[in-house]
Amino acid sequence: MRIDVVSIFPEYLAPLDVSLVGKARAKGLLDVRLHQLRDQAHDVHRTVDDTPYGGGPGMVMKPEPWAAALEAVAPPDGEGVPRLIVPTPSGRPFTQELAVELASEPWLLFAPARYEGIDRRVIEDAATRMRVDEVSIGDYVLAGGEVAVLVMVEAVARLLPGVLGNAESVRDDSFAPGAMANLLEGPVYTKPAEWRGREVPPVLLSGNHGAIARWRRDQALRRTAENRPDLLERLTSGDVDKHDRAA
Ligand SMILES: N#Cc1c(N)n[nH]c1-c1ccc2c(Cl)cn(Cc3cccnc3)c2c1
């Protein structure tokens with residue numbers, strides 16, 4: 001998979017050089033390219049923003065630099081077309097389902113903006129050439145889109161074949177299909193068996209894999225009921241099909 005990111009703060013994306021995504025890049029599983037939006041602003045101040053038509057607070061990102069940046073990454077007459085992902089507070093929710101969908105794309109182009117956002121005409125123009133998704137990573141307010149890109153890239157990269165080692169698995173993800181589908185992760189333990197007077201639950205030391213699986217599901221149900229009762233409602237209302245539960 002190829003991932004391009006256009007930003008006025010490409011240094012914000014430095015974490016894509018380390019850990020899981022960094023290793024995937026080093027293994028050649030992921031080709032991540034960062035681009036400075038200001039390279040496409042040709043006035044002396046490399047201006048990328050201006051006042052909003054209709055008044056209001058803040059500034060809006062100008063269409064010309066963004067259009068030039070997107071076309072520099074994905075020339076209209078070039079090979080292939082990326083899927084454009086635009087982080088925005090008003091976007092569709094980023095979910096594990098969307099992460100799985102994006103993980104099947106050969107090329108993602110992220111456009112994290114700043115200020116009050118990008119001139120709407122950039123999105124409309126890009127949509128004539130490529131699929132555009134406006135996406136929010138949650139119901140809280142960030143100062144720009146770069147953090148959202150970090151979240152989405154990590155969520156997508158870990159789903160790519162070969163990225164997670166055998167010891168890790170997307171199979172047991174809280175939001176992946178399967179017996180624990182739509183349940184939160186239960187508690188985890190490691191050595192020592194007793195620490196500050198607290199013992200590891202004996203079932204985990206029993207070697208009885210059936211009992212361990214039942215205990216883990218019970219703990220996941222408890223954690224989900226406590227922290228995300230909405231997910232339990234989906235389970236009991238049948239929103240989650242039997243395949244997800246049984247797999
Ligand atoms: N994704 C996501 C996401 C999220 N979940 N919260 N905030 C954002 C997000 C994404 C992109 C931008 C851009 Cl561009 C500017 N801002 C600041 C802002 C805040 C409130 C209203 N208007 C603009 C962004 C916030």
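Each ligand, and each atom within it, is numbered from 1 in the order the structure gives. Heads up: numbering here begins at 1 and tracks the sequence.
- Sorted by chain then number, the residues whose non-hydrogen atoms approach ligand 1 to under 4.0 Å are Pro87, Thr88, Pro89, Ala113, Arg114, Tyr115, Glu116, Gly117, Val135, Ser136, Ile137, Gly138, Tyr140, Val141, Leu142, Ala143, Gly144, Gly145, Ala148.
- Counting heavy-atom neighbours within 6.0 Å of Arg114 CZ, excluding the residue itself, gives a total above 12.
- Under the salt bridge (charged side-chain N to carboxylate O under 4.0 Å, His left out) criterion, Arg2 pairs with Asp4, not counting sequence neighbours.
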What's the verdict on side chain to side chain contact (heavy atoms under 4.5 Å, CB included) for Lys62 and Val122, showing C-alpha distance, side-chain angles and the deciding distance?
CA-CA 9 Å; Lys62 294 168 58 62; Val122 172; over 6 Å; no

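- One distance of note links CG of Asp49 with OG1 of Thr47; it measures 7.0 Å at 0.5 Å rounding.
- Here Asp218 pairs with Arg222 in a salt bridge; the nearest charged N to carboxylate O distance falls below 4.0 Å.
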Start with the C-alpha gap between Glu105 and Val156, add the side-chain angles, then the distance that decides, and say whether side chain to side chain contact (heavy atoms under 4.5 Å, CB included) holds.
CA-CA 10 Å; Glu105 293 286 347; Val156 169; over 6 Å; no

